[in-house]
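One structure is given here, and the rest of the page talks about it.
Because the structure is predicted, anything quoted here is derived from the model rather than measured.
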Amino acid sequence: MSVRLPDNHFARLFEGCKIERYAAGTNLFMQEDPSDRLYAVVSGRVEISIYLRSGRKLVANIETEQNLLGEIGMLDGGPRSATATCITDCEFMSISRGRFLSRLTAHPDIATFLIALLCRRIRRLSGELGDQATLNIEARLAKRILFLNSIMAGTDGWISISQADLAEYLGATRESVNKILKEWQREHIVESRRGALRPLAADEIYAIANPVSD
């Protein structure tokens with residue numbers, strides 16, 4: 001779930017900040033880095049990923065315009081809990097932790113919003129843990145496609161994402177994702193090409209994502 005910072009909060013929190021530009025593929029920050037700045041996406045898309053001790057990467061979310069990056073470390077002063085990587089060329093605004101805390105003090109309504117934002121993210125993570133335990137990979141893939149369609153689909157309906165990246169979202173193998181997508185192509189549920197896919201039957205994808213319990 002990605003939650004946009006309302007315009008009034010955005011303006012007050014990042015007042016006086018200049019645009020910072022980063023190329024696609026740039027790591028804005030890495031997991032375990034010191035939490036020295038809060039970022040807001042002005043344009044572009046950013047992948048939030050978690051690296052396990054085994055080296056395996058799990059994609060947690062994709063952030064878009066007026067989404068915040070790094071707010072957990074800003075609040076508790078701890079290290080970065082994830083890695084933020086620019087999927088596209090991106091523009092950001094950022095502020096230091098000291099300025100962030102002083103602006104929360106000056107504008108308590110922003111603090112209230114951030115508390116609600118963190119609660120939404122905890123609920124989302126709890127839901128995804130539940131999905132891992134109760135849903136098969138087909139249902140989890142369908143839910144992910146519906147989410148990506150809501151934030152990443154182009155005007156032609158195509159979503160630019162590789163099967164390897166989809167697998168990282170699900171904690172699955174690329175081979176298992178490829179097998180499902182090939183079956184869905186035969187059933188005209190999705191269309192797939194190298195590095196992209198397009199949903200063709202939203203109702204069927206929704207039904208797969210929300211199986212009816214017996």
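Under the rule for a ring-ring contact (aromatic ring centres under 6.0 Å, His included), Tyr169 has no partner lying at least two apart in sequence or in another chain. Residues passing the side chain to side chain donor-acceptor pair (under 3.5 Å) test with Arg103: none are found, sequence neighbours excluded. Phe10 is linked by a ring-ring contact (aromatic ring centres under 6.0 Å, His included) to Phe14, counting only residues two or more places apart in sequence or in another chain.
Using modelled atom types, one finds a donor on one side chain and an acceptor on the other under 3.5 Å when comparing Asp7 with Gln66. Counted by atom type alone, Ser102 and Thr105 present zero donor-acceptor pairs between their side chains at under 3.5 Å.
Counting heavy atoms from C-beta outward, Ile208 and Ile189 have side chains that approach closer than 4.5 Å. Looking at Ile110 and Phe100, their side chains never come closer than 4.5 Å, going by heavy atoms from C-beta outward. A heavy-atom distance below 4.5 Å is not found between the side chains of Asn67 and Leu5. Looking at Val46 and Tyr22, their side chains never come closer than 4.5 Å, going by heavy atoms from C-beta outward. Side-chain contact between Leu114 and Leu104 is present, with heavy atoms from C-beta onward closer than 4.5 Å. Looking only at side-chain heavy atoms (C-beta outward), Leu38 and Arg97 stay at 4.5 Å or farther from each other. Looking only at side-chain heavy atoms (C-beta outward), Glu65 and Val42 stay at 4.5 Å or farther from each other. The shortest side-chain heavy-atom distance between Val190 and Gln185 falls under the 4.5 Å cut-off.
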Test log, rule side-chain contact (heavy atoms from CB on, under 4.5 Å), inputs Leu170 and Leu141: CA-CA 7 Å; Leu170 304 173; Leu141 177 57; 3.8 Å; yes
So Asp109 and His9, side-chain contact (heavy atoms from CB on, under 4.5 Å) or not? Walk me through it. CA-CA 8 Å; Asp109 54 329; His9 292 343; 3.3 Å; yes
side-chain contact (heavy atoms from CB on, under 4.5 Å) evaluation trace for Ser192 with Gln163: CA-CA 10 Å; Ser192 180; Gln163 293 183 11; 3.8 Å; yes
Applying side-chain contact (heavy atoms from CB on, under 4.5 Å), run through Asn8 and Phe113 and close with a yes or a no. CA-CA 12 Å; Asn8 60 328; Phe113 175 85; over 6 Å; no
Considering only distance and modelled atom types, tabulate donor-acceptor pairs under 3.5 Å from the side chains of residues 69-92, sequence neighbours left out.
unit_1	atom_1	unit_2	atom_2	d
Glu71	OE1	Arg121	NH1	3.2
Glu71	OE2	Arg121	NH1	2.1
Asp76	OD1	Gly78	N	2.8
Arg80	NH1	Arg37	O	3.3
Arg80	NH1	Gly70	O	3.4
Arg80	NH2	Arg37	O	2.7
Thr83	OG1	Gln31	N	2.9
Thr85	OG1	Asn27	OD1	2.7
Thr88	OG1	Arg45	N	3.1
Asp89	OD1	Ala24	N	2.9
Glu91	OE1	Ser43	OG	3.2
Glu91	OE2	Arg21	NE	2.9
Glu91	OE2	Arg21	NH2	3.3

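Here NE2 of His188 is found 10.5 Å from CD of Glu204. Values are rounded to the nearest 0.5 Å. The CZ atom of Arg99 lies 10.5 Å from the CG atom of Leu13; values are rounded to the nearest 0.5 Å. For the atom pair CG (Asn149) and CD1 (Ile159), the distance works out to 4.5 Å, reported to the nearest 0.5 Å.
Evaluation of the salt bridge (charged side-chain N to carboxylate O under 4.0 Å, His left out) test over residues 167-185, restricted to residues two or more places apart or in two chains, returns Lys57-Glu168. Pairs passing the side chain to side chain donor-acceptor pair (under 3.5 Å) check and including a residue from residues 133-142, sequence neighbours excluded, read Gln132-Arg140.
Under the 4.5 Å side-chain heavy-atom criterion for grouping Ile, Leu, Val, Met, Phe, Trp and Tyr, Leu146 is connected to Leu197 within one hydrophobic cluster. Hydrophobic clustering (ILVMFWY, side-chain heavy atoms < 4.5 Å, transitive): Ile137 and Ile161 are in one cluster. Following chains of ILVMFWY side-chain contacts shorter than 4.5 Å, one cannot reach Ile151 starting from Tyr39, and the two form parts of different hydrophobic clusters. Val177 and Leu200 are members of different hydrophobic clusters when ILVMFWY side chains are connected at heavy-atom separations under 4.5 Å. Grouping the Ile, Leu, Val, Met, Phe, Trp and Tyr side chains by contacts below 4.5 angstrom, directly or via other members, places Tyr51 apart from Leu166.
Looking at Asp33, its side chain does come within 3.5 Å of a backbone N or O of Met30 through a donor-acceptor pair.
Residue Arg12 places its CZ atom among more than 12 non-hydrogen atoms of other residues, nucleotides or ligands, all under 6.0 Å distant. Within a 6.0 Å radius of CG in Asp156, other residues, nucleotides and ligands contribute more than 12 heavy atoms.
The shortest heavy-atom contact between Gly157 and Pro199 is O-CD, 3.7 Å. Considering every non-hydrogen atom in both Ser176 and Ala172, the closest pair reads OG-CB, 3.7 Å.
Salt bridge Arg144/Asp165: absent, no basic N to carboxylate O contact under 4.0 Å.
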